[in-house]
Amino acid sequence: AAGDALLTVDGLTSAYSRIQVLHGVSIQVPPGELVALVGANGAGKTTLLRCISGVQPISAGSVLMQGKPITGASADARVRAGVCQVPEGRHVFAPMTIEDNLRMGAHTRPAAEIADGLEEVFTLFPVLRERRHQPAGVLSGGQQQMVALGRALMGKPRLLLLDEPSMGLAPLIVADIFRIIRMLRDTGMTILLVEQNARAALSIADHAYVMESGRIALQGRGRDLLKNDEVRRAYLGM
Ligand code: ATP
């Protein structure tokens, strides 16, 4: 039921000027689950995440956290409600040190908790501890993705929205990032993952939605969708 989900999106419609790109999208993310949203380029996945985090206006429908509407809330208020989006393209602050990049994610937390937050992130990503005083710009793409993820975790989110974390990364690094995402889920984090890499996303997802032209076309358990003929043809190149 909607009341049991951490995130509920109900009948969401959104447009860029007069072009409607989401046509009544409904999804649910239960607490502690990893839910994937896959689909072709331009299907509206990023737009949906932006509607949830509050940076994209919606024209109809609602977004609820634990059954409470946040539809009209500012992006800031949604962060306080525990919604945190890691945008596509990583966006680390290159001249700033890794540690300072991470600290920026903690502005909603009391100062006394920041050291604990850093410790948690460095435990998850030991390579960031070693390099904490170096500028983030010298890191590899995969390590920058770790900084982007770590910065989000510093805010102690209840819902993590990940937009294409594998984009532009080499296959070995992609495997590493997916291993980390699964590990986060295993520690209890609730995650909504947007990915073009449908195979990898469906392999780790508890539940998944396939989006086509601004609508949910299919949904099911990640593993079941991997075996679905339509999904195999359209998104797995089989
Ligand atoms: P991608 O993987 O390329 O990000 P996506 O599934 O996330 O794809 P969206 O980025 O949400 O898709 O885009 C959905 C539709 O909205 C596309 O047709 C896109 O061209 C259009 N669109 C996206 N951003 C804008 C914008 N700022 N102004 C106008 N149209 C936009």
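Just follow the structure's listing: the first ligand is 1, and inside any ligand the first atom is 1. Bear in mind that the values here come from a model prediction, so they are computed numbers and not experimental data.
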Check: Does the protein place any heavy atom closer than 4.0 Å to atom 4 (O) of ligand 1?
Finding: yes
Notebook entry, point to check: Can you list the atoms of ligand 1 that are under 4.0 Å from a heavy atom of N41?
Noted result: 1 (P), 2 (O), 3 (O), 8 (O)
Margin query: Are the side chains of V25 and M211 in contact, using a 4.5 Å heavy-atom criterion?
Written below: yes
Margin query: Ignoring hydrogens, what is the shortest heavy-atom contact between V63 and T71? Give both atom names and the distance.
Written below: N-OG1, 3.0 Å
Check: Taking all atoms of both residues into account, what is the closest heavy-atom pair of D163 and V194, and its distance?
Finding: OD1-CG1, 3.3 Å
Next item on the list: Mark up the atoms of ligand 1 that fall under 4.0 Å of a heavy atom belonging to E164, in ascending order.
Entry: 2 (O)
Item checked: Those atoms of ligand 1 less than 4.0 Å from some heavy atom in Q196 -> 2 (O)
Check: With atoms numbered from 1 as shown, which atoms in ligand 1 lie under 4.0 angstrom from a non-hydrogen atom of A40?
Finding: 6 (O)
Next item on the list: Run the numbers for me: atoms of ligand 1, each under 4.0 Å from some heavy atom of E88, listed by number.
Entry: 4 (O)
Item checked: Side chains of L193 and F178 in contact at under 4.5 Å (non-hydrogen atoms) -> yes
Next item on the list: Using a distance threshold of 4.0 Å (strictly less than), state whether atom 23 (C) of ligand 1 has a protein heavy-atom neighbour.
Entry: yes
Next item on the list: Examine G44 against ligand 1 and note whether any of their N/O atoms are separated by less than 3.5 Å.
Entry: yes
Notebook entry, point to check: A43 heavy atoms, cut-off 4.0 Å: which ligand 1 atoms fall inside?
Noted result: 5 (P), 6 (O), 12 (O)
Notebook entry, point to check: If you draw a 6.0 Å radius around CZ in R182, do more than 12 non-hydrogen atoms from other residues or ligands fall strictly inside?
Noted result: no
Margin query: If the test is side-chain hydrogen bond (donor to acceptor under 3.5 Å, both in side chains), which one of Q20, H23, Q56 qualifies with S14?
Written below: Q56
Margin query: Do M154 and M189 land in one hydrophobic cluster if side-chain heavy atoms of ILVMFWY residues count as linked below 4.5 Å?
Written below: yes
Notebook entry, point to check: Which ligand 1 atoms, with their elements, are less than 4.0 angstrom from a heavy-atom of T47?
Noted result: 9 (P), 11 (O), 13 (O), 14 (C)
Next item on the list: Would you tell me which option among V38, L48, T46 has the nearest heavy-atom contact to atom 10 (O) of ligand 1?
Entry: T46
Notebook entry, point to check: Is V21 touching ligand 1 with its side chain, its backbone, both, or neither, if touching means heavy atoms under 4.0 Å apart?
Noted result: side chain
Notebook entry, point to check: Is the shortest N/O to N/O distance between G42 and ligand 1 below 3.5 Å?
Noted result: yes
Notebook entry, point to check: Are E88 and R50 close enough for a salt bridge, meaning some N to O gap below 4.0 Å?
Noted result: no
Item checked: atom 31 (C) of ligand 1: nearest protein contact (heavy atom, Å) -> Y16 CD1, 3.3 Å
Next item on the list: List the atom of A148, the atom of V92, and the distance in Å for their closest heavy-atom pair.
Entry: N-CG1, 4.3 Å
